[in-house]
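Only one structure is covered here, and it is reproduced in the block below.
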Amino acid sequence: MQFQPSLPPENPAPRLRLKITPTADWKLRSGHPWLYADSIIEQSRAGQLGELAVIYDRHNNFLAIGLYDPESPLRVRILLLGKPRPIDSDWWRAHLLAAVQRRAGLFDAQTTGYRLINGESDGWPGLVLDRYDSTLVVKIYTAAWLPWLSEVKTILTTAPLIPLLSGELGAPSRIILRLSRNIQPIAGRVFQLSDGQILQGPALDGPVIFLESGLRFEADVVRGQKTGFFLDQRENRRLVESLARGRVVLNAFSFSGGFSLYAARGGAAAVTDLDISAHALEAARRNFELNRSDPGVANCRHNTVQTNAFDWLKSHSTPAFDLIILDPPSLAKREVERSRAIQAYQQLVRHGLASLLPGGILAASSCSAHVSATEFFDAIRQTAQQSKRRFTEFQTTAEPADHPATFPEGKYLKCIYLKF
Ligand code: SAH
């Protein structure tokens with residue numbers, strides 16, 4: 001079966017061919033996955049949403065194939081580079097298996113929630129695929145995938161994923177579709193697709209329960225942020241677990257208590273979760289309940305405070321915690337917000353330090369792609385120095401292996417650990 005995006009039947013369109021500028025040619029050849037509209041110097045005809053565009057260099061040599069989006073300045077997202085190949089069902093299946101195989105050996109049966117496809121960096125530009133136990137969640141960030149969804153679903157249900165995955169996945173029992181906010185209107189209007197829709201399998205009457213490093217968590221895969229859980233913080237949580245023994249922990253921007261459960265299992269005396277969302281804190285309390293059988297979790301005092309964490313940290317200046325985690329949402333969604341975001345990170349750390357006991361550890365994380373790791377780390381170090389307290393920096397971290405970042409704009413996650 002040839003996969004064709006839905007072109008009108010009366011339009012057996014000839015291939016959409018693009019010629020691009022030498023600069024864009026160089027960028028694509030070096031592996032960058034985006035072609036902007038202003039880099040196109042010749043186009044054989046108007047293209048349709050999701051259509052496969054074939055990109056040639058100045059000398060008319062084949063360069064790449066990508067998904068075309070006539071509405072977006074980011075006009076083509078690259079699927080295949082280098083050697084031409086038909087984009088047919090075999091190709092799609094191999095493309096999926098390549099992403100799955102890249103994760104071989106990363107997880108054992110104690111971790112049944114992780115990312116299987118991380119967008120551009122896995123050759124699936126604008127699409128992520130997460131596994132939560134036997135539920136798969138596809139989230140798309142570009143409308144160019146909308147015409148391809150039934151094919152994506154077919155591949156997910158027929159590719160031999162099972163032997164490659166850890167745990168007892170079996171065939172995925174359910175596939176959920178998540179849509180980024182910007183594409184929800186066109187998805188509904190043109191494709192009758194909605195955010196949270198079940199593409200395959202039974203309805204859900206609550207969150208999905210999955211394992212991360214042996215801890216049980218719930219994920220609200222239908223309505224929750226991202227695909228229902230912040231799978232990208234797994235490695236940082238493991239590190240926090242190793243640091244937590246006997247400590248009194250403050251987890252600011254806790255969401256559903258990911259860091260808190262690890263800290264509790266690691267022997268923290270008490271954990272306080274701060275989040276603005278009552279829903280997130282209710283999930284955190286349920287996640288503690290789910291793990292009561294662990295002695296560390298059972299013995300840890302768990303408090304939740306629904307609050308604006310910026311204000312809370314500002315108004316609490318008595319040192320009361322000896323492990324503080326600061327993991328705010330992205331503070332720079334756009335490039336112009338970059339310097340304000342850096343200031344906000346510094347302010348969080350400044351106020352956080354006022355609550356940190358001598359000997360305490362501060363972990364500060366940023367998920368803003370517009371703030372580079374170097375900028376972020378330098379800003380936090382500067383704030384730590386300004387505190388006039390002695391400190392040592394003992395670790396910095398980046399994206400975990402199931403969230404690879406193969407191009408600069410794909411890098412977003414960084415965390416720095418300081419001991420005072
Ligand atoms: N650390 C979490 C992920 C944090 S995501 C984990 O490991 O899973 C960011 C969280 O910050 C979200 O739960 C969001 O509800 C919360 N949030 C956003 N703005 C906030 C604010 N001003 N004060 C407190 N929480 C906020």
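We count ligands from 1, going down the list as the structure has it; atoms in each ligand are counted the same way.
- Considering NZ of K419 and CG of L323, their distance stands at 11.0 Å, rounded to 0.5 Å.
- Within ligand 1, the atoms closer than 4.0 Å to a non-hydrogen atom of S277 are 15 (O), numbered from 1 in the order shown.
- Near P329, meaning under 4.0 Å from any of its heavy atoms, are these atoms of ligand 1: 9 (C), 11 (O), 18 (C), 19 (N).
- Under 3.5 Å, the side chains of R301 and T272 contain no donor-acceptor pair of N or O atoms.
- The environment of CZ in R340 is sparse: at most 12 heavy-atom neighbours from other residues, nucleotides or ligands sit within 6.0 Å.
- Counting only N and O atoms by type, the side chains of H32 and E120 include no donor and acceptor under 3.5 Å apart.
- Ranking the protein heavy atoms by distance from atom 3 (C) of ligand 1 puts D327 OD2, 3.4 Å first.
- Taking every heavy atom of F255 and a limit of under 4.0 angstrom, the matching atoms of ligand 1 come to 2 (C), 3 (C), 4 (C), 8 (O), 13 (O).
- Comparing D275, L231, N308, N287 against atom 16 (C) of ligand 1, the shortest heavy-atom distance belongs to D275.
- Atoms of ligand 1 lying under 4.0 Å from at least one heavy atom of F230, given by number and element, are 3 (C), 5 (S), 8 (O).
- At least one N/O-N/O distance between A309 and ligand 1 falls below 3.5 Å.
- A salt bridge does not link R85 to D90: none of the charged nitrogens lies less than 4.0 Å from a carboxylate oxygen.
- Under a 4.0 angstrom heavy-atom cut-off, S254 registers as being in contact with ligand 1.
- Ligand 1 lies less than 4.0 angstrom from a heavy atom belonging to T307.
- With atom 17 (N) of ligand 1 as the reference point, the heavy atom nearest to it among V305, I276, N251 is part of I276.
- The closest heavy-atom contact to atom 6 (C) of ligand 1, among the options K226, R237, Q233, comes from R237.
- Against a heavy-atom cut-off of under 4.0 Å, F259 is close to the following atoms of ligand 1: 1 (N), 7 (O).
- Side-chain atoms of R131 and T112 include no donor-acceptor pair closer than 3.5 Å.
- A donor atom on one side chain and an acceptor atom on the other are found under 3.5 Å apart for S180 and N182.
- Both cation-pi conditions hold for R265 and Y262: the charged atom is under 6.0 angstrom from the six-membered ring centre and inside a 45 degree cone around its axis.
- In this structure, F310 has its ring center under 6.0 Å from that of F253.
- What sits closest to atom 4 (C) of ligand 1 on the protein, heavy atoms only, is F253 O, 3.2 Å.
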